[in-house]
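One structure below.
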Amino acid sequence: MNLLEVKSISKTYGSGETAVHALKNVSFSVPKGEFVAVVGESGSGKSTLLNMIGALDVPTSGKVLIDGRDTFSMKERSLTIFRRRNIGFIFQAFNLIPELTVEQNIIFPVLLDYQKPDRKYLDDLLGVLNLKERRNHLPSQLSGGQQQRVAIGRALITRPALILADEPTGNLDSQNSSEVITLLKETSKKYEQTIIMITHNRSIAQTADRVLQVADGVLTDLGRCSE
């Protein structure tokens with residue numbers, strides 16, 4: 001079953017001679033549990049595509065279906081709740097709250113949704129992320145790799161069906177990058193989550209199940225990666 005279906009998405013900024021066609025009739029689908037890398041040069045349209053999938057921006061035309069739900073047909077409040085509960089975001093810049101501890105940063109999306117965190121699941125996550133000994137530390141007391149693991153935990157805590165990772169290793173050295181990618185793959189399998197990851201790093205992209213390429217707003221499926 002396809003968790004994600006992108007149907008004929010186009011995005012144009014401006015009009016007339018100054019119009020910029022960021023995405024041009026992009027279509028693809030992703031089965032549940034697949035780890036997909038999206039590669040492309042700066043300005044190719046890959047970040048625009050991720051914003052469309054995450055319902056952070058509205059396409060000029062086309063549809064995005066997540067678990068059969070047409071995100072752009074929802075009213076704003078319903079979409080906000082759906083996004084909060086079904087999509088986890090991991091950013092290059094970590095975006096942790098400096099005044100909150102590791103544990104508090106991770107459970108923040110749950111509290112934002114007026115829910116109580118599942119303590120057993122939280123402990124399980126902290127173990128998987130190798131952060132149990134750091135749960136009461138502030139972001140400033142962590143290394144870059146540890147901060148990104150906190151950001152991954154924050155994306156996973158609501159048990160979203162879809163994880164969107166925008167250059168998750170962009171601010172990390174090669175060793176931490178490798179650890180973060182391994183962790184993403186492990187959590188994807190452990191929690192049966194679908195991951196769409198943007199990266200400019202081709203070697204990192206090859207660790208995914210499948211690679212998509214965006215160039216000048218046009219998407220090409222480069223196929224499955226060998227084990």
> In Å, rounded to the nearest 0.5 Å, how long is the span from CD1 of Ile53 to CD1 of Ile66?
Replying inline: 8.0 Å
> With hydrophobic residues grouped by side-chain heavy-atom distances under 4.5 Å, do Val38 and Leu65 end up in a single group?
Replying inline: no
>> Show the nearest heavy-atom pair for residues Arg83 and Gly54, with the distance to one decimal.
In response: CD-O, 3.0 Å
> How long is the span from the CG atom in Leu184 to the NZ atom in Lys189, to the nearest 0.5 Å?
Replying inline: 11.0 Å
>> Give me each pair satisfying ring pair (Phe, Tyr, Trp, His ring centres under 6.0 Å) with a member in residues 158-192, each pair once, sequence neighbours excluded.
In response: Tyr121-Tyr191
> Just by modelled atom types, is the Gly127 backbone N or O under 3.5 Å from a matching donor or acceptor in the Lys132 side chain?
Replying inline: no
>> Would you compute the distance between atom CG of Leu131 and atom CD1 of Ile106 and round it to the nearest 0.5 angstrom?
In response: 6.0 Å
> Taking 4.0 angstrom as the limit, do Arg119 and Glu103 come out as a salt bridge?
Replying inline: yes
>> Please find the pair of heavy atoms, one from Pro98 and one from Leu138, that lie closest to each other, and give the distance.
In response: O-CD2, 3.7 Å
Residues 86-95, side-chain donor-acceptor partners within the protein, below 3.5 Å, at least two apart:
residue: Asn86; atom: ND2; partner: Phe82; partner atom: O; Å: 2.9
residue: Gln92; atom: NE2; partner: Asn171; partner atom: OD1; Å: 3.4

>> I want to check something: taking the side chain as every heavy atom from C-beta on, are Arg135 and Asp123 in contact at a cut-off of under 4.5 Å?
In response: yes
> Does Leu126 belong to the same Ile/Leu/Val/Met/Phe/Trp/Tyr cluster as Leu156, with side-chain heavy atoms less than 4.5 Å apart forming each link?
Replying inline: yes
> Would Leu212 and Leu3 show up in the same hydrophobic cluster when neighbours are defined by side-chain heavy atoms closer than 4.5 Å?
Replying inline: yes
> Do the side chain of Gln146 and the main chain of Ser143 share a donor and acceptor less than 3.5 angstrom apart?
Replying inline: yes
> side-chain hydrogen bond (donor to acceptor under 3.5 Å, both in side chains): which pairs involve residues 153-166, sequence neighbours left out?
Replying inline: Asp118-Arg159
>> One pair to check against side-chain contact (heavy atoms from CB on, under 4.5 Å): Phe35 and Ile196. What are the steps and the verdict?
In response: CA-CA 6 Å; Phe35 184 7; Ile196 311 292; over 6 Å; no
> Under 3.5 Å, is there a donor-acceptor pair between the side chain of Gln104 and the main chain of Thr101?
Replying inline: yes
>> Side chains of Val218 and Val214, heavy atoms from C-beta outward: is any pair under 4.5 Å?
In response: no
>> Any heavy-atom pair between the side chains of Asp209 and Val36 that's under 4.5 Å?
In response: no
> Could you give all pairs that pass the ring pair (Phe, Tyr, Trp, His ring centres under 6.0 Å) test and reach residues 127-175, with sequence neighbours left out?
Replying inline: none
>> Per the side-chain hydrogen bond (donor to acceptor under 3.5 Å, both in side chains) rule, what does the pair list look like for residues 61-77, sequence neighbours excluded?
In response: none
>> Side-chain heavy atoms under 4.5 Å apart, restricted to Ile/Leu/Val/Met/Phe/Trp/Tyr: what other residues fall into the cluster of Met1, or is it alone?
In response: none
>> side-chain contact (heavy atoms from CB on, under 4.5 Å), that's the test. Do Asp221 and Arg210 meet it? Break it down for me.
In response: CA-CA 8 Å; Asp221 191 334; Arg210 183 162 54 120; 2.7 Å; yes
> Between Val64 and Leu4, is any pair of side-chain heavy atoms under 4.5 Å apart?
Replying inline: yes
> Can you list the residues that meet the side-chain hydrogen bond (donor to acceptor under 3.5 Å, both in side chains) rule with Glu41, with sequence neighbours excluded?
Replying inline: none
>> Less than 4.5 Å apart, side chain to side chain, heavy atoms only: is that true for Arg85 and Asp113?
In response: yes
> Thr207 side chain to Ile204 main-chain N or O, any donor-acceptor pair under 3.5 Å?
Replying inline: yes
>> Could you measure the distance from the OG1 atom of Thr48 to the CE atom of Met52? Nearest 0.5 Å is fine.
In response: 6.0 Å
In a table with atom names and distances, give each donor-acceptor pair under 3.5 Å that connects a side chain of residues 17-30 to protein atoms at least two apart or in another chain.
residue: Thr18; atom: OG1; partner: Ser15; partner atom: O; Å: 3.0
residue: His21; atom: ND1; partner: Thr12; partner atom: OG1; Å: 3.1
residue: Lys24; atom: NZ; partner: Asp216; partner atom: O; Å: 3.1
residue: Asn25; atom: OD1; partner: Ser8; partner atom: OG; Å: 3.4
residue: Ser27; atom: OG; partner: Ser8; partner atom: N; Å: 2.7

>> Among residues at least two apart in sequence or on other chains, which ones pass side-chain hydrogen bond (donor to acceptor under 3.5 Å, both in side chains) with Asn176?
In response: Asp173
>> Testing the basics here: between Asn105 and Pro139, what is the closest heavy-atom pair and its distance to 0.1 Å?
In response: ND2-CG, 3.8 Å
> What's the shortest heavy-atom distance between Pro160 and Ala155, and which atoms?
Replying inline: CG-O, 3.1 Å
> Can you list every pair that meets ring pair (Phe, Tyr, Trp, His ring centres under 6.0 Å) and has a residue in residues 43-80, with sequence neighbours left out?
Replying inline: none
>> For residues Leu56 and Leu162: do they belong to one hydrophobic cluster (side chain heavy atoms under 4.5 Å, members Ile, Leu, Val, Met, Phe, Trp, Tyr)?
In response: yes
> Just how far is it from atom CG of Leu125 to atom NZ of Lys190, taken to the nearest 0.5 Å?
Replying inline: 9.0 Å
> Tell me, do Pro117 and Ile157 make a side-chain contact under 4.5 Å, heavy atoms counted?
Replying inline: no
> Do any N or O atoms from the side chain of Arg84 and from the backbone of Pro109 form a donor-acceptor pair under 3.5 angstrom?
Replying inline: no
>> Tell me whether Ile195 shares a hydrophobic cluster with Leu164, the cluster being built from Ile, Leu, Val, Met, Phe, Trp, Tyr side chains joined at under 4.5 Å.
In response: no
>> Set out, in order, the CA-CA distance, both residues' side-chain angles and the distance that settles side-chain contact (heavy atoms from CB on, under 4.5 Å) for Leu142 and Arg134, then state yes or no.
In response: CA-CA 8 Å; Leu142 305 177; Arg134 302 282 180 177; 4.0 Å; yes
> Can you list the other members of the hydrophobic cluster that holds Leu112, where links are side-chain heavy atoms under 4.5 angstrom apart?
Replying inline: Ile97, Leu100, Phe108
>> I'd like to know whether Val102 forms a side-chain contact (heavy atoms from CB on, under 4.5 Å) with Asn136, so could you lay out the CA-CA distance, the side-chain angles of the two residues, the decisive distance to 0.1 Å, and finally the verdict.
In response: CA-CA 6 Å; Val102 164; Asn136 295 316; over 6 Å; no
> Does Lys46 reach the side chain of Val39, with side-chain heavy atoms less than 4.5 Å apart?
Replying inline: no
> So do the side chains of Asn2 and Glu5 get within less than 4.5 Å of each other, counting heavy atoms only?
Replying inline: yes
> Quick check: does any side chain N or O of Ser78 sit under 3.5 Å from a backbone N or O of Met74, one acting as donor and the other as acceptor?
Replying inline: no
> What pairs of residues pass the side-chain hydrogen bond (donor to acceptor under 3.5 Å, both in side chains) test when at least one of them lies in residues 192-205, not counting sequence neighbours?
Replying inline: Glu167-His200, Asn201-Ser203, Arg202-Gln213
